Amino acid sequence: MNEGAGKLDIDEEINAFRERYELLSEKFQNLKSEQSWHTPCEICFSFEGMTVREFLAPSSNNPAPKAILIVYSHVNLPYVIDLTEQHSLVSRLIEAGRKVYLVDWGDMNGEARSRDLSVYLHDYIDKSIDFIIENTGIDQVDLMGICQGGTFSLCYASLHPEKIRSLITMVTPVDFHAGESVIWKWARKVDFSKLEERPVNIPGSMITLFFQSLRPFDEMMRNIRVIQNPESLKNLNLTVLIDRWVFECPDQPGLAFAQFMRQFYQKNKLVRGEFELGGHLIDLRNIACPVLNLYATADHLVPPESASALKNHIPHERYSEITCDGGHIGLMVGTKARRAILPKMAEWLVNNHKFLKDGTKCHVQEE
Amino acid sequence: MCSFQTGPFDKYLYSGAFYIQAASCYRPVLEWLSNEEPEQRETLMNLIRDSWYRSTVDAYSSAISGMGLVNLEASSSGPHEMARLNNILTIMVQKAVNGITERVSNYSHETLTLQAFFEIWIETCAKVHDDLINSEEFIDCITETINASLKIYAKGNADHGTMHE
């Protein structure tokens with residue numbers, strides 16, 4: 001081995017890497033990365049800290065009012081659904097002729113720690129739906145739930161089938177024991193009763209740390225590829241927005257968090273038909289509308305087995321699904337989402353709850 | 001350096017530092033592949049072990065500190081669980097080192113590029129880490145730690161509304 005030449009090559013490679021890193025750092029510092037909505041929007045309704053945000057569409061796009069309410073997970077902030085024109089779930093829904101609304105859970109203050117799950121279902125989502133119905137003059141609302149928000153939406157659609165025109169669930173855990181997610185494995189033996197007895201809010205930084213600890217080396221590889229790939233400089237704005245979003249987990253309301261972990265993750269009550277909320281039993285068979293289920297085949301947070309279990313609870317003539325290769329976040333903001341998944345979802349909404357060519361099932365492959 | 005990143009920008013810094021650290025092991029690896037001296041293998045393993053130990057064990061230690069468990073009184077389960085966690089992580093480090101050296105030995109000093117070495121390094125670490133976080137021993141240990149943390153906060157900080165970080 002020619003040690004001198006080898007040493008030079010390695011040093012050159014490391015120096016080139018350092019230069020690329022410095023260039024990237026410089027670009028980062030010049031980028032605006034504050035949380036912002038791409039689509040103009042305003043708060044149209046509020047209740048005890050929770051707000052409903054209405055996205056403003058050009059009036060010509062909405063000849064006959066149809067409205068959709070997005071229920072996002074409590075675990076992350078919802079602005080990821082509207083990062084840029086190209087990466088905007090909101091824009092695709094507006095293009096599908098919907099007035100788009102979003103439930104925003106609001107800041108977690110000291111009061112939030114004692115809020116139980118029924119507040120989220122019976123107060124927040126129900127009052128939001130009633131507001132939309134009253135203000136648009138429509139009888140039913142399309143409901144879209146993302147991740148944990150999908151679980152909330154399934155519960156709501158079961159409790160109030162008369163108010164829901166169609167339901168879209170995205171990366172939503174349904175059978176919490178299927179696929180043996182790490183979250184379930186870790187949650188099995190945690191004693192959430194202490195948190196239920198004396199609730200305190202869980203800092204968002206702990207939730208971020210938990211997610212970071214699941215796949216640190218895969219994340220590291222992604223970061224290195226961003227540094228090494230000259231093409232990544234072109235999409236830096238989007239990269240920064242997503243990076244910031246990943247690290248901005250909000251505090252979790254103590255009681256609702258503990259209830260969610262116990263009732264869903266530990267006892268799997270949703271698919272067992274045993275989940276009771278404010279004296280009402282949640283029975284997924286009560287869901288009376290067409291359902292579109294979107295999930296990713298390599299999702300390590302919501303395993304595909306967990307999400308796909310929904311098909312066992314909805315009659316097949318009302319059940320459709322879009323699956324894609326890839327992971328949890330990619331389904332919302334990745335290239336595949338932009339090019340294929342979100343347009344397919346819009347097609348399902350516009351085309352009377354069917355896909356134009358593929359009937360009720362569609363798989364988006366890795367590019 | 002810590003493998004759990006703490007913010008959207010420093011994650012590139014940490015990842016970059018990890019890459020540089022892997023690169024510093026690359027030259028000894030090439031030397032080992034060119035003459036396979038047992039002593040060089042040992043040096044190499046120590047380098048990898050040291051790097052891995054710092055990146056991963058430090059990450060969990062700081063996570064536990066972040067949960068406030070370093071302030072637990074000696075009678076509580078915290079210190080015991082930390083020692084147990086340390087032990088599990090040490091075993092894992094050995095698995096990573098063995099995995100990396102085993103895969104690297106399939107190459108010659110002429111065919112192993114820095115990029116290939118780094119990918120072997122990361123993939124092996126990812127696999128070992130995945131096995132770790134799904135293992136019952138680790139989950140038991142983490143569960144005990146989380147339960148101790150919840151107990152403390154529910155007891156002491158309920159008036160604050162949010163757990164102190």
Side-chain angles (χ1 to χ4, degrees), chain A residues 1 3 6-7 9-10 13-14 17-18 21 24-25 28-29 33 108-113 180 182 185-192 194-195 197-203 205-206 208-209 212-224 226-228 240 243-248 251 254, chain B residues 3-9 11-16 18-20 23-24 26-27 30-31 33-35 55-56 59-60 63 66-67 109-110 113-115 118-119 122-123 125-127 129-130 133-134 136 139-140 142-144 146-147 150-151 153-155 157-165:
Chain A
M1 173 185 172
E3 284 186 23
K7 185 177 177 183
D9 290 348
I10 299 164
E13 208 164 331
I14 292 173
F17 179 83
R18 283 203 174 107
Y21 172 73
L24 193 76
S25 301
F28 267 141
Q29 283 167 17
S33 63
M108 286 303 102
N109 51 31
E111 299 293 312
R113 64 183 153 156
E180 300 197 347
V182 179
K185 284 184 181 173
W186 282 35
R188 271 174 309 165
K189 297 171 191 171
V190 173
D191 183 6
F192 291 104
K194 296 280 181 297
L195 197 54
E197 286 161 19
R198 299 191 69 181
V200 283
N201 292 337
I202 313 288
S205 56
M206 275 192 192
T208 303
L209 187 66
Q212 286 290 307
S213 72
L214 294 182
R215 291 195 164 176
F217 294 100
D218 300 74
E219 175 65 21
M220 212 174 279
M221 197 66 203
R222 263 192 299 275
N223 300 338
I224 295 297
V226 169
I227 297 171
Q228 288 179 325
V240 169
D243 284 346
R244 171 151 290 220
W245 171 78
V246 164
F247 281 89
E248 279 186 335
D251 292 350
Chain B
S3 59
F4 300 167
Q5 287 128 28
T6 53
F9 302 109
K11 71 176 196 165
Y12 293 102
L13 178 66
Y14 288 133
S15 301
F18 197 79
Y19 181 84
I20 303 279
S24 70
Y26 176 60
R27 197 169 296 130
L30 291 183
E31 283 164 11
L33 286 174
S34 65
N35 54 29
S55 62
T56 307
Y60 280 103
M67 292 169 82
H109 70 276
E110 287 161 337
T113 62
L114 175 55
Q115 186 65 25
F118 184 69
E119 284 177 16
I122 287 281
E123 283 167 15
C125 291
K127 169 78 175 64
H129 186 268
D130 199 51
I133 63 169
N134 283 289
E136 285 304 318
I139 291 169
D140 277 350
I142 285 289
T143 303
E144 285 298 318
I146 293 171
N147 283 340
L150 286 174
K151 206 171 172 181
Y153 285 115
K155 201 184 206 177
N157 289 340
D159 293 340
H160 294 290
T162 299
M163 286 180 182
H164 282 235
E165 294 169 54

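By convention in this document, chain letters (A, B, ...) are assigned in the order of the sequence lines, proteins followed by strands, and residues within each chain are numbered from 1. These numbers come from a predicted model, not from an experiment.
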Quick one: what part of A:V246 sits under 4.5 Å from any heavy atom of chain B, side chain, backbone, both or neither? neither

Could you tell me whether the side chain of A:E13 reaches within less than 4.5 Å of the side chain of B:T113, counting heavy atoms only? no

When every non-hydrogen atom of B:H129 is compared with those of A:S213, the smallest separation belongs to CE1-O, 2.8 Å

Looking at A:W186 and B:T143, what are the two nearest heavy atoms and their distance? O-OG1, 3.9 Å

A:F17 meets the ring pair (Phe, Tyr, Trp, His ring centres under 6.0 Å) criterion, sequence neighbours left out, with B:Y19

With rounding to the nearest 0.5 angstrom, report the CG to CD1 distance, B:L13 to A:I227. 8.5 Å

For the CD atom on B:Q115, are there more than 12 heavy atoms of other groups (residues, nucleotides or ligands in this structure) within a distance under 6.0 Å? yes

Heavy-atom contact with chain B under 4.5 Å, split by part of A:R18: side chain

When you measure from the side chain of B:N147 to the backbone N and O of A:D191, does any donor-acceptor pair fall under 3.5 Å? yes

Might you point out which heavy atoms bring A:I224 and B:S15 nearest each other, and give the distance in Å? CD1-O, 3.1 Å

Tell me, for A:Q228 versus chain B, whether the close heavy atoms (under 4.5 Å) come from the side chain, the backbone, both or neither. side chain

A:K189: partners by side chain to side chain donor-acceptor pair (under 3.5 Å), with sequence neighbours left out: B:E136, B:D140

Separation between CE of A:M206 and CD1 of B:I146, rounded to the nearest 0.5 Å: 9.5 Å

With the side chain counted from C-beta on, respond yes when A:M221 and B:E123 share a heavy-atom pair under 4.5 Å apart, and no when they do not. no

So which part of B:I122 gets closer than 4.5 Å to some heavy atom of chain A, the side chain, the backbone, both or neither? both

